[in-house]
Protein chains: 2
Amino acid sequence: MYSMGTSTAERLIESTRELLWERGYAATSPKAIQQRAGAGQGSMYHHFAGKPDLALAAITRTAQEMRAKAEAQFSTPGTAVERITAYLLREREVLKGCPIGGLTQDPDLMADPALRAPVEETLAWLRGRLAEVVAEGCRDGELDAALDPQTTAAAIVAVLQGGYVLARAADSVDPFDQAVTGALGLLAGRTTSA
Amino acid sequence: MYSMGTSTAERLIESTRELLWERGYAATSPKAIQQRAGAGQGSMYHHFAGKPDLALAAITRTAQEMRAKAEAQFSTPGTAVERITAYLLREREVLKGCPIGGLTQDPDLMADPALRAPVEETLAWLRGRLAEVVAEGCRDGELDAALDPQTTAAAIVAVLQGGYVLARAADSVDPFDQAVTGALGLLAGRTTSA
DNA sequence: GTCTATAGGACGATAGAC
DNA sequence: GTCTATCGTCCTATAGAC
């Protein structure tokens with residue numbers, strides 16, 4: 001039997017995930033992680049080699065989670081436009097920003113190839129996967145065949161990532177919602193029914 | 001006559017602008033600013049009250065510059081779509097990210113109302129100003145009157161801000177260019193000529 | 001107006017007892 | 001596996017000489 005309680009290592013990873021999202025990599029200190037996890041210094045350095053090692057565990061898990069949530073929307077029953085719409089309108093903690101995209105701004109994290117890799121791979125996968133959905137829509141005659149799936153998908157993902165930026169700047173979800181609404185409005189003009 | 005050489009205060013501001021763009025606020029130390037400006041500690045603290053004061057001078061100037069560059073594209077001769085296209089295709093240092101939008105991710109900066117204000121105002125102005133251009137296009141019959149200027153403008157600004165994020169994640173300008181191309185492709189379907 | 005010296009604290013990490 | 005003590009460094013800022 002495995003322990004049924006939450007292990008110290010587990011609490012350290014979850015605390016790191018939260019702090020990475022709230023404060024970023026550079027601004028997150030081992031001390032802050034330990035305090036949130038209710039663990040001492042020695043405990044942290046027993047389970048992890050250091051701050052980068054712990055961050056890697058946290059980022060890997062967050063990336064996996066983000067991918068799973070997106071895939072859940074993309075592989076749902078419905079037309080391509082319905083699935084894209086559902087993905088765009090999915091509930092998000094907008095003011096906290098994207099837990100993966102936000103890391104892009106952290107110079108120390110991006111300088112470490114191991115930490116950078118999951119960020120790069122996750123967003124590349126997202127663009128590629130969404131391009132497949134757009135391509136389905138074009139193939140099925142639901143979307144204008146003149147639309148390029150790859151660039152259209154990149155624009156849609158960018159609207160989300162940029163929406164987070166605008167919302168954080170305004171300290172309001174409004175710009176995010178407006179950007180999504182605007183993107184859906186532009187897309188609506190390229191559907192067969194339009 | 002004013003001094004013709006570059007003053008120490010001026011060099012400090014310019015160094016701060018560069019470092020804020022490259023590293024962000026939290027990761028930029030007074031020491032690093034001094035070294036880049038070729039000034040000593042005493043010199044910096046003589047001209048500025050501290051790191052936040054210097055950052056305010058730097059951010060204010062960067063915000064003003066960004067606004068002027070955008071306005072140059074928006075007030076140029078041409079149709080609304082031509083001006084929006086020119087704005088989107090303008091040369092940018094994509095891999096460095098948006099010098100204003102990137103600050104959005106810095107928790108220490110966003111916690112300071114004085115430092116946060118220029119970031120908030122600049123992006124709010126950008127959305128509003130672009131919405132005016134979109135509205136002109138709709139009014140002139142150049143763009144589909146069914147398009148909502150405000151949400152469409154928010155989407156376009158978000159594509160740029162998100163494009164920066166995707167490009168930095170990929171360490172390549174390609175996703176940025178794709179997002180812009182995708183946005184222009186979506187917009188093209190809503191023009192009268194389409 | 002610029003310099004050096006120094007303060008007081010946080011940082012990331014290690015050592016070694018228990 | 002967890003603890004406390006400690007290291008050496010960097011941080012932001014101030015003091016005071018020149």
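Everything quoted here is computed from the prediction, not taken from an experiment. So that the names make sense, note that chain A is the first sequence line, chain B the second, and so on, each numbered from 1. These numbers come from the heavy atoms of this one structure, side chains and all, not from hydrogens, waters or symmetry mates.
- Within the nucleic acid shown, A:G42 comes within 4.0 Å of at least one base atom, counting heavy atoms only.
- Rounded to an integer number of Å, the gap from B:Q41 CD to C:dG1 P is 19 Å.
- Rounded to an integer number of Å, the gap from B:L109 CG to D:dT12 C1' is 17 Å.
- Regarding A:Q34, its CD atom lies at a distance of 14 Å from the C1' atom of D:dG1, rounded to whole Å.
- Ranked by how close their nearest DNA chain C nucleotide is to the 5' end, B:A39 and A:Y45 are led by B:A39.
- Taking 4.0 angstrom as the limit, B:H46 places none of its side-chain polar atoms (N or O) nearer than this to OP1 or OP2 of C:dT2.
- Taking atom CD on B:E10 and atom P on C:dG1, their separation rounds to 15 Å, with Å as the unit.
- Rounded to whole Å, atom P of D:dT12 lies 10 Å from atom NZ of B:K31.
- Note on A:T8: a side-chain N or O is less than 4.0 Å away from OP1 or OP2 of D:dT2.
- Both A:L54 and A:L19 belong to a single network of hydrophobic side chains, linked directly or stepwise wherever heavy atoms of I, L, V, M, F, W or Y lie under 4.5 Å apart.
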What side-chain donor-acceptor pairs closer than 3.5 Å can you find for residues 89-97 of chain B, not counting sequence neighbours?
{"unit_1": "B:R92", "atom_1": "NE", "unit_2": "B:Y164", "atom_2": "OH", "d": "3.3"}
{"unit_1": "B:R92", "atom_1": "NH1", "unit_2": "B:Y87", "atom_2": "O", "d": "3.0"}
{"unit_1": "B:R92", "atom_1": "NH1", "unit_2": "B:L88", "atom_2": "O", "d": "3.3"}
{"unit_1": "B:R92", "atom_1": "NH1", "unit_2": "B:R90", "atom_2": "O", "d": "3.4"}
{"unit_1": "B:R92", "atom_1": "NH2", "unit_2": "B:Y87", "atom_2": "O", "d": "3.3"}

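- When rounded to the nearest whole Å, the span between OH of B:Y25 and C1' of D:dC11 equals 13 Å.
- Rounded to whole Å, the distance from NZ on B:K51 to P on D:dT12 is 4 Å.
- The cationic group of B:K51 lies under 6.0 Å from the six-membered ring centre of B:Y25 and within 45° of the ring axis, placing it in a cation-pi geometry.
- A:E14 and A:R36 are not joined by a salt bridge, as no carboxylate oxygen comes within less than 4.0 angstrom of a charged side-chain nitrogen.
- For D:dG1, the OP1/OP2 oxygens have no side-chain nitrogen or oxygen of A:S43 closer than 4.0 Å.
- Taking atom CE of A:M44 as the reference point, atom C1' of C:dC11 lies 12 Å away to the nearest angstrom.
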